[in-house]
Amino acid sequence: MINSKCMDADSLETYDPYDIWKTSLGFQIKNLFNKNRYVGGVLAVSATLFDMLNQRRRLFYEKQEYPVVRAFAALISLNEYKNSQEAVCLNVAKQHIDWLVENRTEGYKNYCWGINIKLPVAKDLIYPKNTPFSTNTPYVLEALIAYYKISNDKAILKVILSVYAFLEDDIKIMLETESELATSYGPFKDRIIVNAVSYSMYSYALLLDFLPEQSSYIKNKIQKMYNFIKNNQNKDGSWFYAPLDNRSFIDCFHSCFILKNLIKTMVYVPLNNGDEVVANGYAYVKSAFFDSETDLCRRFSMSNKPSIIKWDLYDNAEMINLALLLKDYKFATIINKSVKRHFIKGEEIYSQINYLGKRINRNTLRWAVMPYLYAESKLSHYVKQN
């Protein structure tokens, strides 16, 4: 397993739970499923069974680097540097930052990042492999800004400002009224996803300090995106993943994304009734997803398709991250102890547990080892200080 101390690794290539769907055949099956759930469903079950049997050997799968993994590695290293002042941690963070700058999404004028996977998400929507996303770029932006504030590296400033140009030029407006704004998921008019809007909102908030001359314009966009998020919050505090899709779902980690982005945006910009929106959302995720028998978080409160996965590390990692932002350290500690019991065996971290109780997807960094290590590093620091 990767050494979490300063994330010191020359390569962060990793297998991924999505590997089966990255193969040529897997892509075709998933694309067929989006068009015909009955025929595609039968083939998807077969592919899933093969994936279960292929966990150790991982035949036909290839490791790859993911920008979000490097972003988390940089953030963890920077946290270690702030806590220890050890120069090695800052040097390692720079290695990850340099990798991110060098490996931006190809074919775009502005700096941006995606997941480097050809992704079929609906019958009429396939994202090409080199597609940057509004949901991935913010993690890199956060790492870039954290590094810049410590290093004052002027070369990084150019990249940060280029991300602003990406948000302005490449991310599209899907819906706009006098009071609301919803932005696209990718760099064309694709779909309205609440957590994607929240990521764009947070990205603009991060950029405020770097564009004082654009302050009024940016704050207005932030407020309008916040209004869209607030107005699409259900009475029980939840959000549908895609509010305009009558086959949408409500799950744990995407709900946590929205709440985290709201909380972090309010560090820079006050949001009208923002505390109330967050409080209602947090009450919902705790009541809807937390299972007191296992001290783990469930995946869905409303699902739109079957799955063999019972527990997912991603849900629990993001719930820990959310709880830490809200200073709910007791709750974060409870989940973390359960994660260690259920998902970790020796030096190995597993991302998922299926309905047979079997741990699967070992050391898959993107999903969701790195989000967990990031949460655990923050929680460990709190425990040491208390």
Side-chain angles (χ1 to χ4, degrees), residues 2 9 11-37 39-73 99-100 103-108 112-137 139-140 185-187 190-191 193 196 241 251 253-254 299 305-309 312-314 349-354 358-371:
I2 182 174
S11 172
L12 293 181
E13 285 189 340
T14 177
Y15 288 119
D16 194 80
Y18 205 83
D19 282 339
I20 182 64
W21 312 115
K22 286 162 51 183
T23 64
S24 177
L25 181 59
F27 170 83
Q28 293 176 47
I29 291 172
K30 191 169 181 66
N31 193 33
L32 177 61
F33 177 80
N34 289 332
K35 298 175 180 178
N36 187 319
R37 292 205 165 197
V39 177
V42 173
L43 295 173
V45 169
S46 300
T48 300
L49 291 174
F50 171 80
D51 184 60
M52 287 178 61
L53 297 172
N54 197 31
Q55 283 291 305
R56 283 289 173 182
R57 300 186 69 184
R58 304 198 81 86
L59 297 172
F60 313 113
Y61 301 165
E62 293 182 2
K63 288 184 176 182
Q64 73 173 71
E65 289 259 15
Y66 295 92
V68 69
V69 170
R70 288 283 183 168
F72 273 121
W99 186 95
L100 288 163
N103 290 275
R104 62 175 174 168
T105 300
E106 296 180 354
Y108 289 83
C112 49
W113 296 266
I115 56 175
N116 303 327
I117 296 173
K118 189 177 180 182
L119 197 62
V121 297
K123 64 180 181 180
D124 55 353
L125 178 58
I126 298 174
Y127 292 110
K129 183 178 179 179
N130 67 325
T131 304
F133 292 121
S134 60
T135 54
N136 294 97
T137 299
Y139 288 97
V140 181
Y185 196 98
D190 49 8
R191 52 190 179 140
I193 305 298
Y241 176 78
D251 71 339
F253 73 87
H254 286 107
R299 301 182 64 213
K305 58 186 175 184
S307 173
I308 65 164
I309 305 302
D312 199 308
L313 180 60
Y314 219 147
I349 303 178
Y350 292 80
S351 282
Q352 294 169 321
I353 301 171
N354 63 27
K358 182 177 177 59
R359 299 183 186 97
I360 60 174
N361 293 312
R362 176 172 53 96
N363 298 339
T364 52
L365 300 183
R366 181 184 73 93
W367 189 308
V369 172
M370 293 303 283

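Remember, predicted model here, so these are calculated numbers, not experimental data.
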Working for side-chain contact (heavy atoms from CB on, under 4.5 Å), residues I115 and Y127:
CA-CA 10 Å; I115 56 175; Y127 292 110; over 6 Å; no
Who are the ring-ring contact (aromatic ring centres under 6.0 Å, His included) partners of Y66, not counting sequence neighbours?
none
Heavy-atom closest pair (T131 atom, P187 atom, distance to 0.1 Å) is CG2-CD, 3.4 Å
Heavy-atom pair with the smallest gap, counting every atom of R299 and S307
NH1-OG, 2.9 Å
Qualifying residues under side chain to side chain contact (heavy atoms under 4.5 Å, CB included), relative to N103, sequence neighbours excluded:
W99
In Å and rounded to the nearest 0.5 Å, what is the CG to CD distance from N354 to Q55?
8.5 Å
Atom OH of Y185 and atom CG of L125: how far apart are they, to the nearest 0.5 Å?
10.5 Å
Partners meeting salt bridge (Lys or Arg N to Asp or Glu O under 4.0 Å) with K22 (sequence neighbours left out):
D19
Of all residues at least two apart in sequence or in a different chain, which pass the side-chain hydrogen bond (donor to acceptor under 3.5 Å, both in side chains) check with D16?
R366
Could you list the residues that satisfy side-chain hydrogen bond (donor to acceptor under 3.5 Å, both in side chains) with W21, not counting sequence neighbours?
none
Residues in salt bridge (Lys or Arg N to Asp or Glu O under 4.0 Å) contact with R191, at least two apart in sequence or another chain:
none
How long is the gap from CD1 on I20 to OH on Y61, to the nearest 0.5 Å?
3.5 Å
List in chain and number order the residues that pass side-chain hydrogen bond (donor to acceptor under 3.5 Å, both in side chains) with R70, two or more places apart in sequence or in another chain; answer none if no residue qualifies.
E65, H96
If the condition is side chain to side chain contact (heavy atoms under 4.5 Å, CB included), which residues does L53 pass it with, not counting sequence neighbours?
none
Which atom of P67 lies closest to which atom of L100, heavy atoms considered:
O-CD2, 3.4 Å
Is the backbone of G186 close enough, under 3.5 Å, to the side chain of S134 for a donor and an acceptor to pair up by distance?
no
Residue list, side-chain hydrogen bond (donor to acceptor under 3.5 Å, both in side chains) with D312, at least two apart or on another chain
Q352, W367
Locate the shortest heavy-atom distance separating S351 from T364; write the atom from each residue and the value.
OG-OG1, 2.7 Å
Of all residues at least two apart in sequence or in a different chain, which pass the salt bridge (Lys or Arg N to Asp or Glu O under 4.0 Å) check with D51?
none
Taking T105 for the side chain and N130 for the main chain, is one N or O donor matched with an acceptor at less than 3.5 Å?
no
If you take all heavy atoms of T14 and L365, which pair is closest and at what distance?
OG1-N, 3.0 Å
At what distance, to the nearest 0.5 angstrom, does CD of E13 lie from OH of Y15?
9.5 Å
Rounded to the nearest 0.5 Å, what separates atom CG in L119 from atom CZ in F27?
8.5 Å
Hey, does Y350 have a side-chain heavy atom less than 4.5 Å from the side chain of I360?
no
Would the distance check show the side chain of N54 and the main-chain N or O of L59 forming a donor-acceptor pair, the cut-off being under 3.5 Å?
yes
When rounded to the nearest 0.5 angstrom, what is the spacing between OH in Y18 and NZ in K30?
4.0 Å
Residues which pass side chain to side chain contact (heavy atoms under 4.5 Å, CB included) with K123, listed by chain and number, not counting sequence neighbours
K35
For V39, what residues pass the side chain to side chain contact (heavy atoms under 4.5 Å, CB included) criterion, not counting sequence neighbours?
L32, N36
What is the minimum heavy-atom distance between A368 and P371, and which atoms define it?
O-CD, 3.3 Å
